[in-house]
Chemist: 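The structure that follows is given in the form of structure tokens.
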Amino acid sequence: MVLVIVIAALALIAGIAANRWLRPKLFKEDDGAGMAVKDLVGPLLTMTVLLLSFVLVTANGSYGKAETAANNEARAVDQLVETAGYLPQGAPQARIEADAVCYARAVRVQEWPLMSEGNSDGSPAPSVWSTDFRQAFRQVQGQSVFGMLVSADNDRSVARDERLA
């Protein structure tokens, strides 16, 4: 976006310079008084409106993608907790559910503020809990629900990467 603004400004400066120094050489003195400032205002306003509309459309598209990615991530964490409900009552189930709550809190409290400051890498805090998910999965390896847990965690990971992008 900054590049577009710089190029537009350079084009405007080049146009004004060409009008100032080249036009008198191309036309004779009796061809008229030249171009007035008001003749530049119309095209400049049109260019400004087009540039602003382009920026607004781009920002809206980016916001929509981020919102969709955040919803997908929340849905994946919810699916992970629901899938953990199929485990027998005990330590692995409680650990996965607690990790999901801590993961969601880490995203909300630590990662989103960093992202709002322009840090696109996010926070390392949610990764701590996603690593703990995988450690809890080791305890249930071989059970029928194991594949569903790994798939739900993979969906969560992909959704987080999309949100960070």
Side-chain angles (χ1 to χ4, degrees), residues 1-15 41-165:
M1 184 174 100
V2 174
L3 182 63
V4 172
I5 294 171
V6 169
I7 290 173
L10 289 175
L12 179 65
I13 291 170
V41 171
L44 185 60
L45 286 175
T46 302
M47 185 176 71
T48 303
V49 168
L50 288 174
L51 183 64
L52 286 176
S53 63
F54 176 72
V55 168
L56 288 174
V57 167
T58 303
N60 186 39
S62 176
Y63 176 78
K65 287 179 184 177
E67 182 181 24
T68 301
N71 287 338
N72 289 343
E73 183 180 18
R75 194 174 305 113
V77 170
D78 184 49
Q79 180 184 5
L80 187 64
V81 171
E82 288 178 6
T83 304
Y86 291 113
L87 290 170
Q89 201 70 15
Q93 179 188 19
R95 181 177 179 183
I96 291 171
E97 290 172 353
D99 287 346
V101 170
C102 292
Y103 175 84
R105 287 180 180 162
V107 168
R108 169 63 184 99
V109 174
Q110 295 179 359
E111 193 160 61
W112 284 357
L114 282 176
M115 290 176 66
S116 71
E117 295 171 1
N119 184 348
S120 62
D121 294 334
S123 169
S127 297
V128 170
W129 299 110
S130 61
T131 301
D132 205 52
F133 283 141
R134 292 180 192 100
Q135 290 174 355
F137 295 166
R138 287 187 189 130
Q139 295 175 357
V140 297
Q141 193 169 8
Q143 295 184 20
S144 59
V145 74
F146 176 74
M148 294 183 344
L149 286 170
V150 170
S151 176
D153 186 53
N154 186 46
D155 292 345
R156 180 211 47 82
S157 179
V158 168
R160 179 174 184 227
D161 288 343
E162 288 175 7
R163 179 179 51 82
L164 288 174

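Hydrogens, waters and symmetry mates play no part in the numbers below; they use all other heavy atoms, side chains included.
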Chemist: Looking at Y103, is R156 sitting on its ring face, NZ or CZ under 6.0 Å from the six-membered ring centre and within 45 degrees of the normal?
Modeler: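 Yes - R156 lies over the ring of Y103, closer than 6.0 Å to its centre and within 45° of its axis.
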Chemist: Please name the pair of heavy atoms, one in S123 and one in E111, separated by the smallest distance, quoted to 0.1 Å.
Modeler: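 Between these two residues, the closest heavy atoms are N-OE2, 3.1 Å.
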Chemist: Donor-acceptor pair, S151 side chain versus M148 backbone, under 3.5 Å?
Modeler: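 It does not hold such a pair.
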Chemist: For A106 and A125, work out which heavy atoms get closest and say how close.
Modeler: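 A106 and A125 have their closest heavy atoms at CB-CB, 4.0 Å.
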Chemist: Would you mind reporting whether V101 and E97 have side-chain heavy atoms less than 4.5 Å apart?
Modeler: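 No. Closest side-chain heavy atoms not under 4.5 Å.
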Chemist: Report yes if the side chains of T68 and K65 come closer than 4.5 Å at any heavy-atom pair, otherwise no.
Modeler: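 T68 does not reach K65 side chain to side chain.
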Chemist: Could you grab the distance from atom CD of E162 to atom CZ of R160, nearest 0.5 Å is fine?
Modeler: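 Those atoms lie 13.0 Å apart.
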Chemist: For L164 and M115, work out which heavy atoms get closest and say how close.
Modeler: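 The answer is CD2-SD, 3.7 Å.
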Chemist: Measuring from atom CG of L51 to atom OG1 of T46, what distance do you get when rounded to the nearest 0.5 angstrom?
Modeler: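 One gets 12.5 Å once the value is rounded to the nearest 0.5 Å.
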Chemist: With a 4.5 Å limit on heavy-atom distance, are the side chains of S130 and R134 in contact?
Modeler: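 S130 reaches R134 side chain to side chain.
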Chemist: Output the distance between atom CG (L80) and atom CG (N154), rounded to the nearest 0.5 Å.
Modeler: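 Answer for the CG-CG pair, L80 versus N154, is 11.5 Å.
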Chemist: Compare every heavy atom of D155 with every heavy atom of Q79, then report the nearest pair and how far apart it is.
Modeler: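 For Q79 and D155, the tightest heavy-atom pair comes out as OE1-OD2, 3.8 Å.
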Chemist: With a 4.5 Å limit on heavy-atom distance, are the side chains of P88 and Q143 in contact?
Modeler: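 Yes. Closest side-chain heavy atoms under 4.5 Å.
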Chemist: Can you name the closest pair of heavy atoms from L149 and I96 and give their distance?
Modeler: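 In terms of heavy atoms, the two residues are closest at CD1-CD1, 4.0 Å.
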Chemist: Nearest heavy-atom pair of P113 and R108: which atoms, and what distance?
Modeler: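 Minimum heavy-atom contact is CD-O, 3.5 Å.
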Chemist: Salt bridge (charged side-chain N to carboxylate O under 4.0 Å, His left out), that's the test. Do R75 and D78 meet it? Break it down for me.
Modeler: CA-CA 5 Å; R75 194 174 305 113; D78 184 49; over 6 Å; no
Chemist: With rounding to the nearest 0.5 Å, note down the distance linking CG in L52 to OG1 in T48.
Modeler: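 Answer rounded to 0.5 Å: 6.5 Å.
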Chemist: F137 vs F146 aromatic rings, parallel, tilted or perpendicular, using cut-offs 30° and 60°?
Modeler: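 Plane angle over 60°, so perpendicular.
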Chemist: What distance separates T131 OG1 from W129 CH2, expressed to the nearest 0.5 Å?
Modeler: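 Between T131 OG1 and W129 CH2, I get 10.5 Å after rounding to 0.5 Å.
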Chemist: Keeping the roles fixed (side chain from S53, backbone from V49), state whether a donor-acceptor pair exists under 3.5 Å.
Modeler: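 Yes; judged by distance alone, with no hydrogens or angles, the pair exists.
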Chemist: Sub-3.5 Å donor-acceptor pair from the side chain of T58 to the main-chain atoms of F54, do we have one?
Modeler: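 Answer holds: yes.
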